[in-house]
Visitor: 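Structure incoming, see below.
The basis for the numbers below is simple: all heavy atoms, side chains too, and nothing from hydrogens, waters or symmetry mates. Since this is a predicted model, take the numbers as computed values, not measurements. Indexing begins at 1, ligand by ligand and atom by atom, following the structure's order.
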Amino acid sequence: MHLSHRVHNLKPYPFARMAEKLADLKARGVDVIRMDIGSPDMPPAEHILAAAGKAVRDPGTHGYPAFGYGTRSLLAAVSAYYHARFNAALDPGREITALLGSKEGIFHLTQALLQEGDIALVPDPGYPVYRVAAEWAGAEVYPLPLRRENNFLPDLDSIPRDVLRRARILWINYPNNPTGAVAGREFYERALDLAHRNDILLCHDAAYCDVAYDGFRPPSLLELAGARDCAIEFTSVSKTYNMAGWRLGFISGNADAVSAVRKVKSNIDSGIFPGVTAAGEAALRGDQTWLAARNAVYAGRRNRILAGLAEIGILADSPKASLYIWAPVPQGFTSESFADSVLDQTGVCFAPGTFFGSEGEGYVRISVATPTGRVEDAIQKIKRWSAA
Ligand SMILES: Cc1ncc(COP(=O)(O)O)c(C=O)c1O
């Protein structure tokens, strides 16, 4: 088989490798507790399921979707959500497109914008798709380290001029995966200013904007005046409404970028299953109060995990948002050796920080999207872990 150089150079997705390793352990009878992935473990609210149920029983629901980039009514629902949640005004006709999950949109936006000779500015550690998508397009990646001493924000002033000249995309992602860090309007303003001055598309991945704790409400980049001149934002029903498997996300903001994504996607996919569209619309337009109760469950797990880690001497920052605790590994371990040691001794699976880039060394990512009873089991097991 002759594979293309692009596929040849593609590394296996780290979580796919992990899934295979865990399947082997399970086959050997190990009680594996997955705390490495951010897949919501709780179901969506009943009104969302009811809307989906009604749609799938409609005989007209099963053909090709008529609108590749989202029905008018779905895009209007996204616009209404942005208005209610962030007081941001978006034109659903030109400034929003629906996606088969934001992962797909991140990839295709990158293909629409980048080519050989271009640079993507990518956070490290960061969601792996930003890097993979840029490399697939033949572009270079300039990593922006996210370090604790800088509150896991990139140092935008440190980017060299010649890099900025060739940069076409700047990725930012808050609430952040994997560090759990959050950003305020002041940071967004600086990023927007940099993008404006250098003719770069600022891409904000806001996948976790509705998963927040202790009264914190993450802002949207699109709240800022002028953001739509040079920025887009990704949102998704995956984490916001516990619908990760339904595959529905959105890109909103700059009309030229949105139009380019529509052009790419209309040639590649055939749109969103109408049952998913109905569920997404119900989620966006319906009652939002259940999200606070859901977030309180995550926050309770977060507190229990932090206390359990402290008992084995690991002091991690308490995240204000996202699904993740970014925990430093004990002395004498690397990210991978610590994750392996915990998995081998206890069956509890953490994600090594290096899954997200070389700057993730020294950390593991622990997800609160694990059923509460299993979190308690994991804590008991972890307490018995020993460094020896
Ligand atoms: C930062 C970030 N962006 C995007 C995604 C993809 O989300 P979606 O389910 O919308 O494709 C994830 C999923 O884990 C993520 O962590």
Visitor: Under a 4.0 Å heavy-atom limit, does Ser238 contact ligand 1 with its side chain, its backbone, both, or neither?
Guide: side chain
Visitor: For atom 6 (C) of ligand 1, what's the nearest protein heavy-atom neighbour? Residue, atom name and distance, please.
Guide: Tyr127 OH, 3.3 Å
Visitor: What part of Phe234, side chain, backbone, both or neither, has a heavy atom within less than 4.0 angstrom of ligand 1?
Guide: neither
Visitor: Is the gap between the ring centers of Tyr81 and Phe250 under 6.0 Å?
Guide: no
Visitor: Regarding ligand 1, does Tyr208 bring an N or O atom to under 3.5 Å of one of the ligand's N or O atoms?
Guide: yes
Visitor: Side chains of Glu233 and Tyr82: any donor to acceptor distance under 3.5 Å?
Guide: yes
Visitor: Is Lys103 close enough and on-axis enough to Phe15, meaning under 6.0 Å and within 45°, for cation-pi?
Guide: no
Visitor: For the aromatic rings, using the six-membered ring if either is Trp, is the centroid distance between Phe350 and Trp385 under 6.0 Å?
Guide: no
Visitor: For ligand 1, which atoms, with element, lie under 4.0 Å from some heavy atom of Gly101?
Guide: 10 (O), 11 (O)
Visitor: Suppose we call two aromatic rings close when their centres sit under 6.0 Å apart. Are Phe187 and Tyr174 close by that rule?
Guide: yes
Visitor: Pairs of nitrogen or oxygen atoms closer than 3.5 Å, one from Ser236 and one from ligand 1: do any exist?
Guide: yes
Visitor: Give a yes-or-no answer on whether the side chains of Glu95 and Ser252 include a donor-acceptor pair shorter than 3.5 Å.
Guide: no
Visitor: With atoms numbered from 1 as shown, which atoms in ligand 1 lie under 4.0 angstrom from a non-hydrogen atom of Asn173?
Guide: 1 (C)
Visitor: Asp205 to ligand 1: N or O pair under 3.5 Å?
Guide: yes
Visitor: Is there a nitrogen or oxygen of Lys103 sitting under 3.5 Å from a nitrogen or oxygen of ligand 1?
Guide: yes
Visitor: What is the closest protein heavy atom to atom 7 (O) of ligand 1, and at what distance does it sit?
Guide: Ser102 OG, 3.3 Å
Visitor: Output yes when a side-chain donor or acceptor of Arg301 lies under 3.5 Å from a complementary backbone atom of Glu376, and no otherwise.
Guide: no
Visitor: Are any of the N or O atoms of Arg247 closer than 3.5 Å to those of ligand 1?
Guide: yes
Visitor: What is the distance from atom CG of Leu121 to atom CG of Leu194, rounded to the nearest 0.5 Å?
Guide: 7.5 Å
Visitor: How far is atom 14 (O) of ligand 1 from its nearest protein heavy atom, and which residue and atom name does that atom have?
Guide: Lys239 NZ, 2.8 Å
